[in-house]
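Presented below is the structure to which this report refers.
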Amino acid sequence: METIVSIRPFLAVLVSILAVPLIVSTRRTNFREGWTFFAAFAKFSIIASMTPVILDGVEIEYTIAQVLPSVAIKLKVDAFGMLFALVSSFLWIVTSAYSIGYMRRLKEHSQTRYFCYFALSLSATIGVAFSANLLTLYLFYEMLSFATYPLVTHHQDMEGRSSGRKYLLFIVGSSIGLVLPAMLFIYHMTGTLEFTQQGFIAGIVPPKLIWILVLLFVFGFAKAAVMPFHSWLPAAMVAPTPVSALLHAVAVVKVGVFCILRVLTGVFGTQLLFSSQMDTVVLYLASFTIIAASLVALSQDSLKSRLAYSTIGQLSYIILGAALLSPKGMIGGMMHIAMHAFGKITLFFCAGAIFVATGTKNISQMVGIGKRMPVTLSCFFIGSLSVIGIPPGGGFISKWYLILGTLEADQRFMLFILLSSSLLNAAYFLPIIYKAFFCTPEESLFENKIDEAPPWCLVPLTITAICSIFLFFYPEPFFSLAKIVSVGIFSGQ
Amino acid sequence: MSQHFPAFIIVIPLIAAFFIFTAGWLKRTYCFYIAAVALAISLFSSFGLLLQVLQNKVVVYHFGGWSPPWGIAYRVDYLNGIVLVVSAAIAFLNLIATKKSVEKEFIERVGPFYALYVLFVTGTMGIVVTGDAFNLYVLLEIASLTGYALIGMGTEHAALASLNYVFMGTIGASFYLLGIGYLYIATGSLNMFDIASILPNIFQSNVVLFAFVICLTGLFIKMALFPMHTWLPNAYTYSPSPAISLIAPLTTKVMVYVMIRILLSVFTPSFSFKSMAVNTSFVWLAVIAIVVGSILALSQQSLKRMLSYVMIAEIGYMVGGFWLANRAGITGAILHIINDAAMTLCVFLVAGNILYRVPGDSFDNLKGLFRKMPFSMGAFVVGALSIIGVPPTCGFFSKWYLITGGIAAGHYGFVAALLFSSLVNVVLFFRIFEIGYFEPFGDLHISGSMDEEEKTFDDAPLGMLVPLMIVAAGLIALGIYTDTLVTKVIQFAIPGGIS
């Protein structure tokens with residue numbers, strides 16, 4: 001594998017940290033948001049500028065500091081990291097626009113603080129995506145935990161505070177309590193933490209310890225919300241909706257999944273997982289989470305909670321895809337990071353738009369809302385299609401590959417899980433849309449007059465909805481990136 | 001001139017103390033400047049010494065030209081070279097950072113305060129630089145007595161807390177003296193390296209054994225290792241804040257240094273670790289200190305008091321790491337002396353800044369501080385993250401070495417205690433963040449005013465903030481340069497036989 005050294009990945013991480021002092025010191029709110037946009041565009045451009053190189057199969061490296069013998073704080077861009085970074089940095093631009101509409105219309109307090117920590121969170125997210133070794137990954141993972149805490153507790157009321165505590169307890173508790181010792185143990189045994197294509201601990205760590213380490217990582221990265229480490233995610237829904245949309249449907253939770261995938265492939269390696277049969281354990285953990293979360297989602301009346309449980313289930317799709325240990329399943333899992341991101345962020349944007357326009361949070365009070373907010377609800381429909389996996393939603397492609405993966409790996413039971421989960425997804429999304437559009441005038445809770453959320457809310461959610469259809473027809477560059485990852489991992493076998 | 005650096009470190013502040021005391025009567029504003037110049041020279045000399053050590057490995061200085069074992073020899077190697085620089089830097093930075101606060105708190109007693117301050121630094125630096133076991137006792141007493149006086153200068157309960165510290169401190173120092181006495185009986189020498197060369201022949205002697213035990217007990221009391229910690233929380237809580245941000249980073253850490261010095265250089269690792277076979281028990285003692293310190297910290301209701309208990313837990317880190325008796329563990333212990341001193345300085349300086357603006361440091365008084373003092377609290381966040389052990393702050397890396405040491409030694413109790421303490425620290429510090437950030441809460445969300453946060457801004461004066469920012473940035477810099485520190489200095493401080 002060819003590698004080039006370039007400062008660009010570091011700049012991509014740094015650009016939003018550098019924006020923080022500018023955001024703080026700017027008094028005029030329009031200029032302040034201007035800095036956010038500037039940082040978001042700069043970040044996306046830097047990342048996008050590296051894409052052609054990565055598509056050619058080259059990797060980009062940059063060492064920030066040598067902190068321990070044989071371990072440095074080091075960035076490395078490969079296809080997997082690039083895929084994730086592209087998704088999150090693009091969606092940051094859209095979310096920034098949405099934030100303006102949402103926060104200003106609701107006259108939220110402390111907007112400066114909000115935009116600061118948002119920028120910090122994105123730095124951490126890109127840092128995780130580009131981490132070259134476990135230490136760097138851990139560093140940015142923790143940075144993300146702490147940077148998102150003030151966003152979760154934004155409302156500063158009792159509910160916000162208790163959710164903040166739960167958030168920290170689960171996320172920081174598990175990373176210090178589980179990931180840190182596992183990482184140190186691996187360092188002690190192998191003397192290195194650098195991710196490789198095929199893993200580096202096979203043959204060094206005794207087989208009986210492998211399963212402990214795998215579980216420590218799968219549960220330790222609690223941002224992936226594998227049950228029973230999931231309950232922070234519904235609690236974190238007290239945050240303003242743009243936070244739930246970008247962070248708790250895309251950046252934070254997918255950082256968790258990303259870390260698990262990275263560690264499973266880059267530290268353990270697919271062959272070791274297969275020979276130690278840990279793939280089966282992870283498969284069952286993931287499939288349990290998928291079904292249980294979907295069932296819980298059915299019973300949620302608060303729209304955001306329903307979306308949160310849906311997210312918990314969908315995250316485990318990605319883990320399942322990787323744990324199938326088949327090339328197509330891996331492509332499906334990687335693709336799902338992108339596809340689910342666009343679909344779910346649309347859904348959250350819609351939930352926020354509904355709240356901004358009507359003040360309604362609960363599904364039972366959304367009967368007939370389609371007449372009042374047709375654009376929003378149409379986009380909601382598109383987002384649901386994508387998450388359920390029905391054409392022309394982009395989610396169809398990732399589910400298609402996941403299903404091919406189950407056949408390739410000869411895991412019939414997992415095929416059954418995926419299909420029944422799709423049914424459940426349909427069962428918890430479609431009634432909302434049905435009730436919103438098709439109800440008798442007596443049932444309708446809203447006047448038959450169009451009154452949408454402000455354009456700063458409406459335009460971003462339309463963009464993401466269009467994107468998720470667009471990705472069905474043209475899933476590039478994500479598909480090529482996923483393919484490079486899959487080929488890289490499985491070519492050695 | 002540079003060959004006299006070891007003398008400068010001690011002599012310049014010692015002489016300066018008398019001038020400061022005199023200046024206190026004549027013109028009080030001079031006191032600070034004399035102290036600053038003296039400590040700057042001391043810092044400069046320490047730095048020069050470290051550079052010499054990096055070149056020549058060891059710098060030996062015979063006081064008055066008398067060669068040991070008759071005269072007093074000062075001896076600087078990798079171990080105390082780095083501790084010297086850190087101590088001198090802390091003393092100097094704290095002096096600058098607390099100028100305003102001293103003027104406000106001591107008004108007429110500025111002279112005595114700075115005289116004691118500089119004497120305390122003399123004692124502490126002397127303990128680090130000396131190569132003579134008895135001279136170390138003398139300097140230990142200088143540091144302790146001035147320490148008692150500095151703590152006693154606080155208000156209300158300070159006198160009683162200081163008295164309690166006097167009792168415990170004196171007992172500790174006496175134990176140490178007794179131990180040195182026994183060593184003198186056995187070897188006829190007081191020079192550390194002279195003793196070390198004689199001891200191997202008489203390791204079986206009960207006198208040596210007794211000296212070992214009693215020296216160590218004395219040091220444990222002095223460093224406040226649980227359960228001999230009882231003097232610390234009160235002394236640190238009630239002392240004046242400019243004094244405590246000097247004493248807290250230095251005293252206990254320097255005592256850990258003395259323990260490492262005595263055990264590695266006087267008793268040699270083969271005696272301390274192998275013949276005595278007490279390693280595991282001491283690590284367990286440290287585990288108890290960590291766990292109990294953390295739990296007690298949870299139940300405190302004021303900032304300085306909570307930090308005191310956190311420090312008791314931190315002592316456990318260093319003692320435990322050292323007694324793991326492997327390279328990673330001892331590296332972690334030495335690294336943590338440096339890092340813990342720096343982060344303790346950071347958080348106690350913040351406590352000082354808070355007390356400069358707010359009547360008390362109980363948790364009720366911390367409400368809304370993130371709005372009022374964003375810069376101080378920002379530094380506090382960095383210090384707290386370092387104490388929790390979040391990369392890239394320095395606290396993470398010493399914890400890294402300590403935990404790898406624990407895994408290498410197969411001592412999983414120590415590993416678990418460190419992780420437990422990290423988790424408790426998360427709770428401790430985020431509780432403070434929560435209070436500082438969210439309270440008073442309620443109407444803000446509805447009123448939606450965006451300019452409100454600027455109105456109440458009232459941080460400490462710039463003279464206090466700038467040094468604090470340097471310290472906070474230093475915590476991150478120390479973390480990033482960990483590898484340089486370990487490969488250039490600390491690894492040479494550990495005797496070769498330890499793997």
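In the text below, chain A, chain B and the rest are named by the order of the sequence lines, each starting its count at 1.
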Would A:Y187 and B:W400 count as a side-chain contact (heavy atoms from CB on, under 4.5 Å) if you check the C-alpha gap in whole Å, the side-chain angles of each, and the deciding distance to 0.1 Å? CA-CA 10 Å; A:Y187 178 69; B:W400 177 282; 3.4 Å; yes
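For a residue to count as touching a neighbouring chain, one of its non-hydrogen atoms must lie under 4.5 Å from one of that chain's; by this rule B:F420 does not touch chain A. Of the atoms belonging to B:L385, it is side-chain heavy atoms, and not backbone ones, that fall under 4.5 Å from chain A. Contacts of A:F140 with chain B are absent, with no heavy-atom separation under 4.5 Å from either backbone or side chain. Contacts between A:T153 and chain B at a heavy-atom distance below 4.5 Å involve backbone atoms as well as side-chain atoms. Neither the backbone nor the side chain of B:V486 comes within contact range of chain A; no heavy atoms are under 4.5 Å apart. In this structure, the portions of A:L139 lying under 4.5 Å from any heavy atom of chain B include both its backbone and its side chain. In this structure, chain A has no heavy atom under 4.5 Å from any part of B:T487.
Under a 3.5 Å cut-off, the side chain of B:S376 and the backbone N or O of B:M373 do not form any donor-acceptor pair. Of the possible donor and acceptor atoms, one in the side chain of A:S70 sits under 3.5 Å from a partner among the backbone N and O of A:G191. Under a 3.5 Å cut-off, the side chain of B:R431 and the backbone N or O of B:L298 do form a donor-acceptor pair. Side chain of B:S386 to backbone of B:V382: no donor-acceptor contact under 3.5 angstrom is found.
Among B:P392, B:G389, B:A328, B:A416, the residue making the largest number of heavy-atom pairs under 4.5 Å with chain A is B:P392. The greatest number of non-hydrogen atom pairs below 4.5 Å with chain A, out of B:T484, B:T482, B:I388, B:T404, is found for B:T404. Ranked by heavy-atom pairs under 4.5 Å with chain B, the first of A:V71, A:I64, A:L68, A:L135 is A:L68.
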If you look only at distance, which donor and acceptor atoms sit under 3.5 Å apart when one is on a side chain in residues 9-21 of chain A and the other is two or more places apart or in another chain?
residue	atom	partner	partner atom	Å
A:S16	OG	A:K43	NZ	2.6
A:S16	OG	A:A119	O	3.1
A:S16	OG	A:S123	N	3.4
A:S16	OG	A:S123	OG	2.6

Show me the donor-acceptor pairs within less than 3.5 Å that the side chains of residues 405-415 of chain B make with the rest of the protein, sequence neighbours left out.
residue	atom	partner	partner atom	Å
B:H411	ND1	B:F414	N	3.2
B:H411	NE2	B:W284	NE1	3.4

Can you give me every donor-acceptor pair (side chain of residues 469-481 of chain B, partner residue at least two apart or in another chain, under 3.5 Å) with its distance?
none

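Taking 4.5 Å as the heavy-atom cut-off, the residues of residues 166-179 of chain A that approach chain B are A:L168, A:V172, A:G173, A:I176, A:G177, ordered by number.
In summary, A:K76 and A:E194 do not engage in a salt bridge, as defined by a charged side-chain N under 4.0 Å from a carboxylate O.
Annotation: the span from A:T190 atom OG1 to A:F200 atom CZ amounts to 5.0 Å, rounded to 0.5 Å.
In this model, a donor atom of one side chain and an acceptor atom of the other lie less than 3.5 Å apart for B:S422 and B:K399.
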